[in-house]
There are 2 protein chains.
Amino acid sequence: MRIVLDAMGTDNHPQPDVQGAVLAVKQTQNTIVLVGDENLIRRELASHEYPSDRIEIVHAEDVITMNDKPSTVGKQKPNSSMQIGMNLVRDGSAHGFVTAGNTGAAHAIAMLHSLKRIPGVKRPALSVIFPIRGEPVMFLDVGANTDSKPEWLLQYALMGSIYSRNVLNVEESRIGLLSNGEEAGKGNQLVTETRELLVNRTDLNFVGNVEPDDILNGDVDVVVTDGFSGNILIKTFEATVRYVSNNIRDELARSPVSIVGGLLSRGAFKRVRNRVDSFEVGGAPLLGVNGVVIIAHGRSDARAIKNAIVQAQRAVEGNTVSIIAERVAQTTSDTDNLSGKAK
Amino acid sequence: MRIVLDAMGTDNHPQPDVQGAVLAVKQTQNTIVLVGDENLIRRELASHEYPSDRIEIVHAEDVITMNDKPSTVGKQKPNSSMQIGMNLVRDGSAHGFVTAGNTGAAHAIAMLHSLKRIPGVKRPALSVIFPIRGEPVMFLDVGANTDSKPEWLLQYALMGSIYSRNVLNVEESRIGLLSNGEEAGKGNQLVTETRELLVNRTDLNFVGNVEPDDILNGDVDVVVTDGFSGNILIKTFEATVRYVSNNIRDELARSPVSIVGGLLSRGAFKRVRNRVDSFEVGGAPLLGVNGVVIIAHGRSDARAIKNAIVQAQRAVEGNTVSIIAERVAQTTSDTDNLSGKAK
């Protein structure tokens, strides 16, 4: 199997990216294709030992930065490491693509310029995966589509369920719909209408509306939401983890007794940070585009990049793209028949 | 000044409620009117010392529970402590109302059965106040109106700004609009249109779009949002604080060294919990109804109830209701003129 890695993705590229690729070729039997500035990549590779026949380099002139505008960068920088990398997957010379770069750009380039949508998918969804109580919980959409429709959310549920089972190895993925209350009558119009579809139009393991507390209790494996609320949810989660940790650190520094206490509990704190850190998972898929795309955090270290590569590999092995295509075609025709709506 | 307290509000009513009233009459010069089951209230009062001429009791037959449906309970239980209490304010025999009961019911009863809306206010908003970095930050709407319109959010901003200045003593309240990105182009349609109104139609101190991280950095004093996203935001914040704290507690129990560390750092932990606890603030207003209504958490203890009463008193002293009425009338006519829309 050949996995493409955008070597210019992380905030500190290409160091963590290249190092992550080296870790991956050592751990797996796959070939990694590094796309980016060839000189920089070679320089970084020179400081590592690895099975050199399984790392290839494809030069790319342009680098997409966090300041590039997603909607236009695909046209403005056609030779970016991101676009050239995805095209390798589109053209069949690789099986999956991993980047830690600009998420919005990856979404736009995949959808408009390179891989395009899986036929029948209304809108691809960005996801994120957090380990909660030790188990991977998937959230989608977390920002691709800020204004969503019930039919889109239905597809997010379907795609998330397939990914959760086939890649994250969750037996019977419990699907929850993010809401401001668990009762059937709660939620905004989008939630009410989506709930209706999830109950009546699918055979998914839909467990109902969920609130943030239920999610952190480990009650669901997949959280379905529009891209706006989903984005607020995951950013509030991340920001609060940091806020509470920083507050504790500050408070511990305030008295000699608690300074000692803090030193003695340092290991425990580190384990807590790891427990909630998405780096453990390494990345999350852009679901609904016609190829495996895993997006990792810009702050990823080598280990996180390696984990993202491993995840891309599992997504390829699990045939996620073709299974999504199949199920979407099926559900779409069912839904259209039942609701009497075309398209 | 006379403040009405729903004595049947907290999960453990009437004990924390009555005790909170006792703390309040000792700390202030006000009279507290306790509304609820007279026998229960008298029994609880008997165990306290207090200036008895400043606590009055009004009997109410019915109690609203968390299981009562907000939309119908006002009609079904016209003699609830909540409704009788609010009617005292409506009829001018008291100045403000405090409850720790069913939030949805308080909202519905105030709006439909008792106080009604301030003329010109499109939708009253539920708020919550958290101390962030030691300063009170107000969030609204957090659940009254899950599907909102730009004009409503404009009024939330206006009402929040007035309350923040006149009651929370924030000099020049910085207003932020919750969004999935700070840039002007980010956000869903509601955010984009609201931003436009906030920039062009008001003289509020609008600092722009804010993300959860900005809020926890202390960059704003008032967070404006639709009731759905706002509800997700505050519930994720609360759930994550609990989740991280519980994780730390579990991890600390896992080794002898960290158990000692945990004991030594106990004080620090407690200070952190206090730092983020809305109990410090005691409650938050239901803004836009024609009278001062403060809603406290169902888990409130006596101190939190006392703080909520003090807040009601400040809201009365700050003339919040009449100032909101004035400013809303003014802004509404401005907006209507400029946008050419009626109503």
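Because the structure is a prediction, the values reported are computed rather than measured.
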For chain B, which of A:S245, A:G187, A:G227 has the most heavy-atom pairs under 4.5 Å?
-> A:G187
Between A:D226, A:T236, A:N217, A:V244, which shows the greatest number of heavy-atom pairs under 4.5 Å with chain B?
->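 With the most close heavy-atom pairs to chain B, the winner is A:T236.
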Where does [X] contact chain B at under 4.5 Å (heavy atoms): side chain, backbone, both or neither?
{"X": "A:L178", "answer": "both"}
{"X": "A:N231", "answer": "side chain"}
{"X": "A:R133", "answer": "both"}

Chain A contacts: which residues in residues 135-148 of chain B have a non-hydrogen atom closer than 4.5 Å to it?
-> B:T146, B:D147
Nearest non-hydrogen partners of A:P212 and B:I232, listed with the distance =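 Smallest heavy-atom distance, with atoms named: CG-O, 3.9 Å.
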In A:R242, A:K235, A:E238, the residue satisfying side chain to side chain contact (heavy atoms under 4.5 Å, CB included) with B:D213 is A:R242
How long is the span from the CG atom in A:L216 to the OH atom in B:Y243, to the nearest 0.5 Å?
->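 The OH atom of B:Y243 is 6.5 Å from CG of A:L216, to the nearest 0.5 Å.
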Under a 4.5 Å heavy-atom cutoff, which of B:T225, B:L190, B:I132, B:V191 has the most pairs with chain A?
-> B:I132
Most heavy-atom pairs under 4.5 Å with chain A, out of B:G181, B:S179, B:G230, belong to B:S179
With sequence neighbours left out, what residues match [X] under side-chain contact (heavy atoms from CB on, under 4.5 Å)?
{"X": "B:D214", "value": "B:E182, B:V210, B:E211, B:D219"}
{"X": "B:T72", "value": "B:K69, B:Q76"}
{"X": "A:A284", "value": "A:S127, A:I129"}

